[in-house]
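First the structure, in the form of structure tokens, and then the observations on it.
So that the names make sense, note that chain A is the first sequence line, chain B the second, and so on, each numbered from 1. Remember, it's a predicted structure, so these values are computed and weren't measured experimentally.
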Amino acid sequence: MTDFAIKLQQWFTVNKRELPWRMVNDPYKVWLSEIILQQTQVVQGESYYLKFVDSFPTVFDLASASEDRVLRRWQGLGYYSRARNLHAAAKTIVDDYNGVFPNTFNDIIKLKGVGPYTAAAIASICFDEPCAVVDGNVFRFISRLKGISTAIDSTVGKKEFSQIADELLDKENAGEHNQAMMEMGALVCRPSNPLCHDCPFNTDCVALASKQIGNLPYKEKRTKQRARYLHFFLIRNENKIVLEKRNAKDIWKNLYQLPLKETRSAKKIKSFDLRESQPLFVKKYKHILSHQILYASFYFADKSVLSQLEGEYFDVDLELLDDYAFPQLVVNFLSDVGVVKTD
DNA sequence: AAGACGGGGTA
DNA sequence: TACCCAGTCTT
């Protein structure tokens, strides 16, 4: 065991957070937590984890549930392919593994939605396989500790950081070591205002000595956003409203929404002939996603507007809206006009 | 190799 | 604003 690994695990023993998925090393629950925490902070994912464990205590419960029910539990968390893949993988585990979670990195990574990070996390935490995890926390911690400015979003960077993580790994305690690496990145070696004064490695840190903390890790790509203009129609009759399901390869796949007309610009809706149904403007929202800025308008309308739209529409009783997963944008609107209560 | 994919938080 | 988050999949 290296001095680094000893110091790291001593720090972890004292400072680790009590998180619900750390109570037991049930691979089903560890898997669930890892999928939920992809690109998601612990504070945001924790309540979803508890909801999932409560709704689907075992992989059999998850596999036998409908996709609608799984997506509804995921509502508001984003990156919904995670939920769809989670559901598909649960079926694989039940059908191909008799419900017994695969126990090697090479089998685990075959599951839908499981990549190198998640496979290493599960294999090390649950099955003591010596695989080093490399997530955003580990990239940051290593790049600063070693003073490495290779882009973390490049192919060579991924290889380089992964190799260093392998060298640092305590192979006898891979699961604890990996969690300690990530916890360091999350609690001490934070993106901004890292706690270098309290860091057990501050005398070893290359970036700290060279005043490069603020410049590391280095990333070369920056995401570009495009604008979209969405016009939703709230069509209400009696105690029902009209919905449609999103099926396209696009954001929010397999979620539900109000009847939608998308236009190329903010003004195009004016050429959209709505006179007969006399829609009443209600509310505008600007909704920010990683790659898109959504300018959304919501209108009250009646059923005649549907003849001017293309889509498969159906009525749903207001009492049953809880069974459908909606994009957060739609949840915000329905909540603001009192059609639904927020959970 | 580069984009797409959500939503919330920080400075 | 810009960047980040216990990343993965598609093109």
Side-chain angles (χ1 to χ4, degrees), chain A residues 16-17 19-22 30-49 71 74-86 88-89 108-122 124-125 131-141 151-159 162 165 175 177-187 189-194 214-226 228 246 248-255 285-294 325-332:
Chain A
K16 74 170 170 183
R17 291 169 288 185
L19 300 174
W21 47 87
R22 284 185 175 156
V30 171
W31 168 56
L32 201 49
S33 73
E34 294 298 345
I35 301 297
I36 287 172
L37 293 175
Q38 288 170 5
Q39 294 294 287
T40 303
Q41 301 200 153
V42 166
V43 287
Q44 190 188 359
E46 191 166 356
S47 67
Y48 283 85
Y49 170 81
L71 283 170
W74 203 272
Q75 175 178 290
L77 194 55
Y79 282 168
Y80 297 93
S81 67
R82 291 182 292 170
R84 299 191 301 268
N85 289 334
L86 184 79
I108 295 168
I109 201 171
K110 291 177 192 159
L111 298 170
K112 273 195 182 181
V114 174
Y117 161 74
T118 304
I122 299 171
S124 64
I125 294 170
C131 320
V133 298
V134 187
D135 73 333
N137 292 307
V138 176
F139 273 121
R140 187 170 54 252
F141 181 30
I152 62 170
D153 54 353
S154 67
T155 304
V156 289
K158 282 173 189 141
K159 274 180 69 176
S162 166
H177 176 99
N178 279 334
Q179 295 185 73
M181 290 288 286
M182 295 189 280
E183 200 81 326
M184 273 296 303
L187 300 184
C189 202
R190 309 184 297 199
S192 52
N193 301 324
N215 298 327
L216 296 175
Y218 172 69
K219 210 178 244 189
E220 58 188 6
K221 302 179 181 65
R222 48 191 180 283
T223 62
K224 253 176 54 178
Q225 289 179 314
R226 72 180 171 112
R228 293 176 75 172
R246 296 181 65 89
K249 278 199 232 175
D250 194 359
I251 55 172
W252 305 328
K253 182 176 153 72
N254 291 3
L255 274 64
Y285 294 80
K286 181 179 178 181
H287 192 78
I288 309 288
L289 307 179
S290 329
H291 291 73
Q292 302 182 13
I293 303 177
L294 307 179
F326 300 99
Q328 190 59 42
L329 169 62
V330 176
V331 172
N332 291 342

So what does [X] touch, heavy atoms closer than 4.0 Å: a base, only the sugar-phosphate, or nothing?
{"X": "A:Lys112", "answer": "sugar-phosphate"}
{"X": "A:Gly78", "answer": "base"}
{"X": "A:Gly76", "answer": "sugar-phosphate"}
{"X": "A:Ile36", "answer": "nothing"}
{"X": "A:Arg84", "answer": "nothing"}
{"X": "A:Trp21", "answer": "base"}
{"X": "A:Ile109", "answer": "nothing"}

Length of the line joining [X]:[atom1] and [N]:[atom2], which is rounded to integer Å:
{"X": "A:Lys158", "N": "C:dG7", "atom1": "NZ", "atom2": "C1'", "value": "9 Å"}
{"X": "A:Ile122", "N": "C:dT8", "atom1": "CD1", "atom2": "C1'", "value": "13 Å"}
{"X": "A:Gln44", "N": "B:dG8", "atom1": "CD", "atom2": "P", "value": "7 Å"}
{"X": "A:Asn85", "N": "B:dC5", "atom1": "CG", "atom2": "C1'", "value": "11 Å"}
{"X": "A:Gln225", "N": "B:dG6", "atom1": "CD", "atom2": "P", "value": "14 Å"}
{"X": "A:Ile35", "N": "C:dT8", "atom1": "CD1", "atom2": "C1'", "value": "9 Å"}
{"X": "A:Leu37", "N": "C:dA6", "atom1": "CG", "atom2": "P", "value": "8 Å"}
{"X": "A:Gln328", "N": "B:dG6", "atom1": "CD", "atom2": "P", "value": "13 Å"}

Can you find a pair of side-chain heavy atoms, one from [X] and one from [Y], that are under 4.5 Å apart?
{"X": "A:Arg17", "Y": "A:Leu187", "value": "yes"}
{"X": "A:Tyr80", "Y": "A:Asn254", "value": "no"}
{"X": "A:Phe139", "Y": "A:Val134", "value": "yes"}
{"X": "A:Tyr49", "Y": "A:Leu19", "value": "no"}
{"X": "A:Gln225", "Y": "A:Gln292", "value": "no"}

Quick one: which of [options] gets closest to the side chain of [X]?
{"X": "A:Asn137", "options": "B:dG6, C:dC4, C:dA6", "answer": "C:dA6"}
{"X": "A:Arg140", "options": "C:dC5, C:dA6, B:dG8", "answer": "C:dC5"}
{"X": "A:His287", "options": "B:dG7, B:dG6, C:dT8", "answer": "B:dG7"}

Is the backbone of A:Val133 close enough, under 3.5 Å, to the side chain of A:Asn178 for a donor and an acceptor to pair up by distance?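 Judged by distance alone, yes, a pair lies under 3.5 Å.
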Please check this pair: side chain of A:Asn85 against backbone of A:Lys112, looking for a donor-acceptor N/O pair closer than 3.5 Å. no
Any side-chain N or O of [X] below 4.0 angstrom from OP1/OP2 of [N]?
{"X": "A:Trp252", "N": "B:dG7", "result": "yes"}
{"X": "A:Gln39", "N": "C:dG7", "result": "yes"}
{"X": "A:Tyr48", "N": "B:dG7", "result": "no"}

Under 3.5 Å, which N/O atoms of the protein pair with N/O atoms of nucleotides 9-11 of chain B?
residue: B:dA11; atom: OP1; partner: A:Asn193; partner atom: ND2; Å: 3.1

If you take all heavy atoms of A:Ile109 and A:Ala119, which pair is closest and at what distance? CB-CB, 3.7 Å
Answer yes or no: is there an ion pair linking A:Arg22 with A:Glu183, defined by an N-O contact shorter than 4.0 Å?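 So A:Arg22 pairs with A:Glu183 through a salt bridge.
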Please state the [atom1] separation for the pair [N] and [M] - nearest whole angstrom.
{"N": "C:dT11", "M": "B:dG6", "atom1": "P", "value": "15 Å"}
{"N": "C:dC3", "M": "B:dG3", "atom1": "P", "value": "16 Å"}
{"N": "B:dG8", "M": "C:dC9", "atom1": "C1'", "value": "23 Å"}

Without placing hydrogens or testing angles, list every side-chain donor-acceptor pair under 3.5 Å for residues 34-41 of chain A, not counting sequence neighbours.
residue: A:Glu34; atom: OE1; partner: A:Tyr117; partner atom: OH; Å: 2.6
residue: A:Gln38; atom: NE2; partner: A:Gly113; partner atom: O; Å: 3.4
residue: A:Gln38; atom: NE2; partner: A:Thr118; partner atom: OG1; Å: 3.0
residue: A:Thr40; atom: OG1; partner: A:Ile36; partner atom: O; Å: 3.3
residue: A:Thr40; atom: OG1; partner: A:Gln38; partner atom: O; Å: 2.9
residue: A:Thr40; atom: OG1; partner: A:Arg82; partner atom: NH1; Å: 3.0

So, under a plain 3.5 Å distance rule, would you say the side chain of A:Thr40 forms a donor-acceptor pair with the base of B:dG6? yes
Counting only distance, no hydrogens or angles, is the base of C:dG7 paired donor-acceptor with the side chain of A:Thr118 under 3.5 Å?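 Flag unset: no donor-acceptor pair detected.
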Close N/O contacts between protein and nucleotides 1-4 of chain B (under 3.5 Å):
residue: B:dA1; atom: OP2; partner: A:Thr155; partner atom: OG1; Å: 2.1

Might you confirm whether atom NZ of A:Lys224 has over 12 heavy atoms from other residues, nucleotides or ligands at distances under 6.0 Å? no
